[in-house]
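Structure first, then comments.
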Protein chains: 2
Amino acid sequence: MPRVPGSKTPPDDAAALTAAQDRFIEVWGQMGSAWGISRTMAQVHALLYISAQDLCTDDVMDRLDISRGNASMSLRALVEWGIVERVHRRGDRKEYFRAEPDPWVMFRAILRQRLKREVEPLLASLYEIRDATRHSRADAGSLATEHNRRLESILNAFSTLELVSAKFIGPAGEGLLQAASLLASIDHDPEQQRRTHA
Amino acid sequence: MPRVPGSKTPPDDAAALTAAQDRFIEVWGQMGSAWGISRTMAQVHALLYISAQDLCTDDVMDRLDISRGNASMSLRALVEWGIVERVHRRGDRKEYFRAEPDPWVMFRAILRQRLKREVEPLLASLYEIRDATRHSRADAGSLATEHNRRLESILNAFSTLELVSAKFIGPAGEGLLQAASLLASIDHDPEQQRRTHA
DNA sequence: CCGAAGTTTCAAGAACGACTGAAAATTGGA
DNA sequence: TCCAATTTTCAGTCGTTCTTGAAACTTCGG
């Protein structure tokens, strides 16, 4: 719907903003699905994040053109992930939702959840498998020996990964990040990234 | 198929090994699908990794009970990811496949690919969106302003993430990891992990 | 305590990606 | 060069996950 020239309504800036939001929502949704988050859930999050306003279920439904059930599920999941919070307005019965504005806080929340949901169970299973095998006769051929060695390797690697992540998640995390980013950016032109993607 | 007692065939150690492998394959497949890798592909990788032998397409098909097409596709993808290599045996026309044995080398290969495939395009899109919006009139309301601020935030965060990852991937990566793991493990009992998951 | 506004649940269906199997292409040896 | 072994491709099918929509539920004001 093109703007009427000279119209008194706000200029196309509003439309441009909406378009930019849509692109962001699209892109964020893509990324989400590549990392095992449902596309819609990522899009709901993108909308809340980029619009920088508290939105209610109906706002989300209308803007993303999804069903009420879907919106409800996605919002609940985002709240469970700790990257969206419910907010209430006095004199209004509706619930509104607000996205965590700090990306680093968001990353840490996501990492925390994924560690708990995916890495911890994995580690537990790996330990179980190792222990079930361990007691078998000394070495009934190097096959079993090599199997054990590999299991041990992967266990060590994941344990370390978990420890590092725990530090990042924990209270010292902010500091650790700064240290790492400082470390990482040594001998890097700060605008170098830009050019790479331009 | 229970073992005949006193049989001359090798004891159930072989069966136990197979069972352990199966569990590993299962668990690894689960994890893969949680992180956006097809379950089968992750299982093929698990099999190659844990069996610590070079296997051919038919071995994989038979062991995982999947079709030839699927096995072929999965193996090719794993090779593209750089965590499995093709090996040839002289006098044998078949191709065999071997998994990278070092988990850290593997992690770095995976990270490298995911950065290239998912994060870089994301960053490129985000820059594009930012620049498309940038030239709109100064601030036609704080909505657009806040939009820009948020876009900027997420851009900064991802740029930093990419820089840190690049360091980890690059030649200094091994060292960086050691530093991080050392840093992370300060005031941690090395067997503490174990108990957590036991 | 009732009724309206709002939210959640869940069975059925739609949409999506994965898998199969057979045909086509490739490869190496004779 | 030809043949047989092996690998790759891809259209169709299959299975899983996502989405819908309406009913059940909850909550709050009156």
Side-chain angles (χ1 to χ4, degrees), chain A residues 25-26 28-48 54-81 84-98 114 117-118, chain B residues 25-48 54-81 84-98 113-114 117-118:
Chain A
I25 290 166
E26 176 61 28
W28 198 248
Q30 291 261 127
M31 200 222 30
S33 63
W35 290 85
I37 282 113
S38 105
R39 196 175 46 64
T40 302
M41 186 174 144
Q43 288 184 335
V44 171
H45 176 258
L47 173 59
L48 288 171
D54 302 344
L55 302 178
C56 67
T57 306
D58 294 79
D59 294 332
V60 172
M61 288 171 57
D62 295 346
R63 182 66 193 276
L64 300 181
D65 196 24
I66 60 176
S67 72
R68 181 172 303 283
N70 197 1
S72 174
M73 298 279 222
S74 298
L75 286 166
R76 158 204 279 284
L78 288 167
V79 170
E80 269 160 18
W81 278 72
V84 163
E85 61 173 341
R86 295 171 194 274
V87 305
H88 294 275
R89 295 181 184 171
R90 61 191 171 76
D92 188 343
R93 217 154 130 189
K94 267 205 272 290
E95 274 186 321
Y96 290 78
F97 297 88
R98 173 183 302 169
R114 300 207 82 154
R117 296 176 192 198
E118 292 141 21
Chain B
I25 291 166
E26 176 61 26
V27 157
W28 197 248
Q30 291 261 126
M31 202 220 31
S33 63
W35 290 84
I37 282 114
S38 106
R39 196 175 45 64
T40 302
M41 185 174 145
Q43 288 184 335
V44 172
H45 175 258
L47 173 60
L48 288 171
D54 302 344
L55 302 178
C56 68
T57 307
D58 293 80
D59 294 333
V60 173
M61 288 170 57
D62 295 346
R63 181 66 193 275
L64 299 182
D65 195 24
I66 61 178
S67 71
R68 181 172 302 283
N70 197 2
S72 175
M73 298 279 222
S74 297
L75 286 166
R76 157 205 279 283
L78 289 167
V79 170
E80 270 161 16
W81 277 71
V84 163
E85 62 173 339
R86 295 170 194 275
V87 304
H88 295 275
R89 294 181 184 171
R90 60 191 173 76
D92 188 343
R93 216 153 131 190
K94 268 206 272 289
E95 273 187 322
Y96 289 78
F97 296 88
R98 173 182 302 169
Q113 292 296 324
R114 300 207 81 154
R117 295 175 194 201
E118 292 140 22

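These values consider heavy atoms only, across backbone and side chains, with no hydrogens, waters or symmetry-generated copies.
When each of B:D92 and B:M73 is assigned the nucleotide of DNA chain D bearing its nearest heavy atom, the one mapping closer to the 5' terminus is B:D92. Residue-to-nucleotide proximity on DNA chain C shows that, of B:D65 and A:C56, the 5′-proximal contact is made by A:C56.
Look at NE2 on A:H88: it is 11 Å from P on D:dT27, rounded to the nearest Å. Following rounding to the nearest Å, B:D58 (CG) and D:dT7 (C1') show an atom-to-atom distance of 10 Å. Atom-to-atom, CD1 of A:I66 to P of C:dA15 comes out at 16 Å; the value is rounded to the nearest Å. One can place CD of B:E95 at 7 Å from C1' of D:dT7, the figure rounded to the nearest angstrom. Whole-Å rounding puts the A:L64 CG to D:dC18 P distance at 17 Å. What separates CG of A:N70 from C1' of C:dG13 is a distance of 14 Å, to the nearest Å. In this structure, the CE atom of B:M61 is 12 Å from the P atom of C:dA22, given to the nearest Å. Rounded to whole Å, the distance from CD1 on A:I37 to P on D:dT19 is 13 Å.
Under a 4.0 Å N-O distance rule, the pair A:D58/A:R68 qualifies as a salt bridge.
In this structure, A:R76 reaches the sugar-phosphate backbone alone: every heavy-atom distance under 4.0 Å involves primed, P, OP1 or OP2 atoms, never a base. When heavy atoms are screened at a 4.0 angstrom cut-off, B:S72 is found touching base atoms of the nucleic acid. B:R86 comes within 4.0 angstrom of sugar-phosphate atoms only, judged by non-hydrogen atoms across all strands, and of no base.
Phosphate contact (OP1/OP2 of D:dT19, side-chain N/O of A:T40, threshold under 4.0 Å): present.
Listed nucleotides D:dG21, C:dC19, D:dT7 differ in distance to B:R39; the shortest reach to its side chain belongs to C:dC19.
Side-chain contact of B:W28 with B:Q43: a donor-acceptor pair under 3.5 Å is absent, judged by distance alone.
Judged by distance alone with a 3.5 Å cut-off, a donor-acceptor contact links the side chain of B:R93 to the base of C:dT27.
Few gaps surround CG on A:D92; more than 12 heavy atoms of other groups in view lie less than 6.0 Å from it.
A donor-acceptor pair under 3.5 Å is formed between the side chain of A:S33 and the backbone N or O of A:Q30.
Here the CZ atom belonging to A:R76 is positioned 15.5 Å from the CH2 atom belonging to A:W81, to the nearest 0.5 angstrom.
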